[in-house]
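Worksheet: one structure, shown below.
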Amino acid sequence: MKNLLTHSPFLFFLSVFSVFAQTPTTVIPVQDSRVITTGVPFLLIAGDARAAGMGDMGVATSSDAYSQQWNPSKYAFNTAKSGIAVNYTPYLSKLVNDIFLGNVTYFNRLNERSAFAASFKYFSLGKIEIITEQQAAAGDFDNLLIESPNELAFDLSYSLRLADQFSMGVNLGYLRSDLKIQSVDTDATAASSFAVGVSGYYQSEENAYDSFNGRWRAGFALQNIGPKIKYDNSKNSENFLPSTLRLGGGFDFVFDSYNTLAITAEATKLLVPTPPVYANEYQYADTNGNGQYDMDVDNLIGYPGSPVNSGIILEGKDPNVGFVSGIFQSFGDAPGGFKEEMQEFTYALGAEYRYQDSFALRTGYFHESEEKGARQFFTFGAGFKYNVVDVDLSYLFSASKVQSPLESTLRFSLTFNFGRDSYSEY
């Protein structure tokens, strides 16, 4: 991504539309859209084509090399002894060609009951060309400074079978965000933090039904739990990590030794405080003079300024809390009450058909409330196995008015499994 920036202060102007009325004005303690934002959001991008092909899910799907991102405890159920996987995901490919997410994962099943894994994730924001005021005045565009902002994460995990059908895992990660422009920002040091997680996975034995056999699967994961990431010494630069709760379940229809169909559902919630309603978010004309906003009677008359500057909270709770308090607060701080809390869950439904465990077709649907980001899309994917190599592909189609950054993007994953079928789990 190539941009031209001048070495001078950036000025942003907020245009406010005002409607003048004879009636009194007061504040409205509601807002139509209240999107939760976090630091290092690249951690939420599906880093493998298999999960992406099923609607960005993986907490309760069967174990694979990319379980590190979704549910590390699944490694204790992997049928391969070890493996290494690489993934490349273009981002905003319709606009630029140098923003991407790369991922490398290694896992090793130590014995019948335990496994460990390590992964490295790198998010590049492309190249930015910097031009100073002096260069612009002189028309010198040949010796431009080039910056390459990026973010990365490295983590380790360990999983253990606590019972024949149940395992748990823990993981620890290091996060680094280097987004500042060295030649523009005098304090251009990278921000960093660490995060921990815990997960669990259940996979039943194969049971016989009337016309098919089947297996139940279930999983949970608490991810990216850690201190806020700080970009400088000011309090306003602190950002919550994308702490996440994932819950999922599924069922495998085993029709015969060749044909299997897996159906999986997953729900996800950010464990981050909801932005409250501040006193100067909106104004309205109190037509009937009753001192409160009546949706069918009173009219909005303006947006007086930035809601953060007022500091007066009308609805909701103060989001300036520690990350531990923020996790508990996130379950009951939405200004819209229980209805808005439920809107903060995203849902995904996916299906995977496998033939002879060598070929797979996948599809999925992902849904996010329109008030919380409006990500809604369908996905399709395929997978191929040859000897020790797995190749996975996926494609995404937006189903909402808000187009996904991964719209019409082909994602590609490559996995090398060593000692395939060293462990029998089915």
Exercise for the section: May I ask you to decide if the ring planes of Phe378 and Tyr365 are parallel, tilted or perpendicular, using 30° and 60° as cut-offs? Expected result: tilted
Handout entry: Student check: side-chain heavy atoms of Glu370 and Gln343 closer than 4.5 Å
Key = no
Practice task
Report yes if some heavy atom in the side chain of Thr274 is under 4.5 Å from a heavy atom in the side chain of Pro335; otherwise report no.
Solution key: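 The answer is yes, as the side chains (C-beta and beyond) meet within the 4.5 Å cut-off.
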Exercise for the section: Sequence neighbours left out, what pairs pass ring pair (Phe, Tyr, Trp, His ring centres under 6.0 Å) with at least one residue falling in residues 150-175? Expected result: none
Handout entry: Residue pairs involving residues 380-407 (criterion ring pair (Phe, Tyr, Trp, His ring centres under 6.0 Å); sequence neighbours excluded)
Key = Phe359-Phe384, Phe380-Phe397, Tyr395-Phe397
Problem - Tyr347 and Phe366 aromatic centres sub-6.0 Å - result: no
Problem - Derivation of the side chain to side chain contact (heavy atoms under 4.5 Å, CB included) call for Gln203 and Gln165 - result: CA-CA 5 Å; Gln203 180 173 276; Gln165 283 77 48; 5.8 Å; no
Practice task
Check ring pair (Phe, Tyr, Trp, His ring centres under 6.0 Å) between Tyr88 and all other residues, then give those that pass, not counting sequence neighbours.
Solution key: Phe100
Handout entry: Partners passing ring pair (Phe, Tyr, Trp, His ring centres under 6.0 Å) against Phe220 (at least two apart in sequence or in another chain)
Key = none
Within 6.0 Å of [atom1] in [X], more than 12 heavy atoms from elsewhere:
X      : atom1 : answer
Phe331 : CZ    : yes
Tyr353 : OH    : yes
Glu205 : CD    : no

Practice task
Go through the steps for His367 and Arg375 under the test side chain to side chain contact (heavy atoms under 4.5 Å, CB included), then give the verdict.
Solution key: CA-CA 6 Å; His367 178 87; Arg375 290 177 300 161; over 6 Å; no
Handout entry: Main-chain N/O of Ala80 paired to Asn78 side chain as donor or acceptor, under 3.5 Å
Key = yes
Exercise for the section: Spell out, as yes or no, whether a donor-acceptor pair under 3.5 Å connects the side chain of Tyr66 to the backbone of Ala46. Expected result: no
Handout entry: Lys230 and Ser193 side chains, donor-acceptor separation under 3.5 Å
Key = no
Problem - Asp333 bridged to Lys317 by N-O distance under 4.0 Å - result: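 No, no charged N to carboxylate O under 4.0 Å.
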All side-chain contact (heavy atoms from CB on, under 4.5 Å) counterparts of [X], not counting sequence neighbours:
X      : result
Ala60  : Thr264
Phe253 : Phe212, Phe251, Phe255, Leu261, Ile263
Thr244 : Leu44, Gln223, Asn224, Arg246, Thr268, Leu270

Exercise for the section: Please report the closest heavy-atom contact between Gly39 and Pro242, naming both atoms and the distance. Expected result: O-CD, 3.3 Å
Exercise for the section: Show your working on side chain to side chain contact (heavy atoms under 4.5 Å, CB included) between Phe77 and Tyr201 and close with a plain yes or no. Expected result: CA-CA 9 Å; Phe77 284 87; Tyr201 180 68; 3.5 Å; yes
Practice task
Give every residue pair that meets the side chain to side chain donor-acceptor pair (under 3.5 Å) criterion with at least one member in residues 46-60, sequence neighbours excluded.
Solution key: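 For residues 46-60: Asp48-Trp70, Arg50-Ser62, Arg50-Asp64, Arg50-Glu352.
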Pairing residues for [X] by the side-chain hydrogen bond (donor to acceptor under 3.5 Å, both in side chains) criterion, not counting sequence neighbours:
X      : result
Tyr122 : none
Glu151 : Ser177
Asn87  : Thr89, Ser413

Problem - Where at least one partner belongs to residues 376-387, residue pairs that pass salt bridge (charged side-chain N to carboxylate O under 4.0 Å, His left out), sequence neighbours excluded - result: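 Every pair satisfying salt bridge (charged side-chain N to carboxylate O under 4.0 Å, His left out) with a residue in residues 376-387: Asp357-Lys385.
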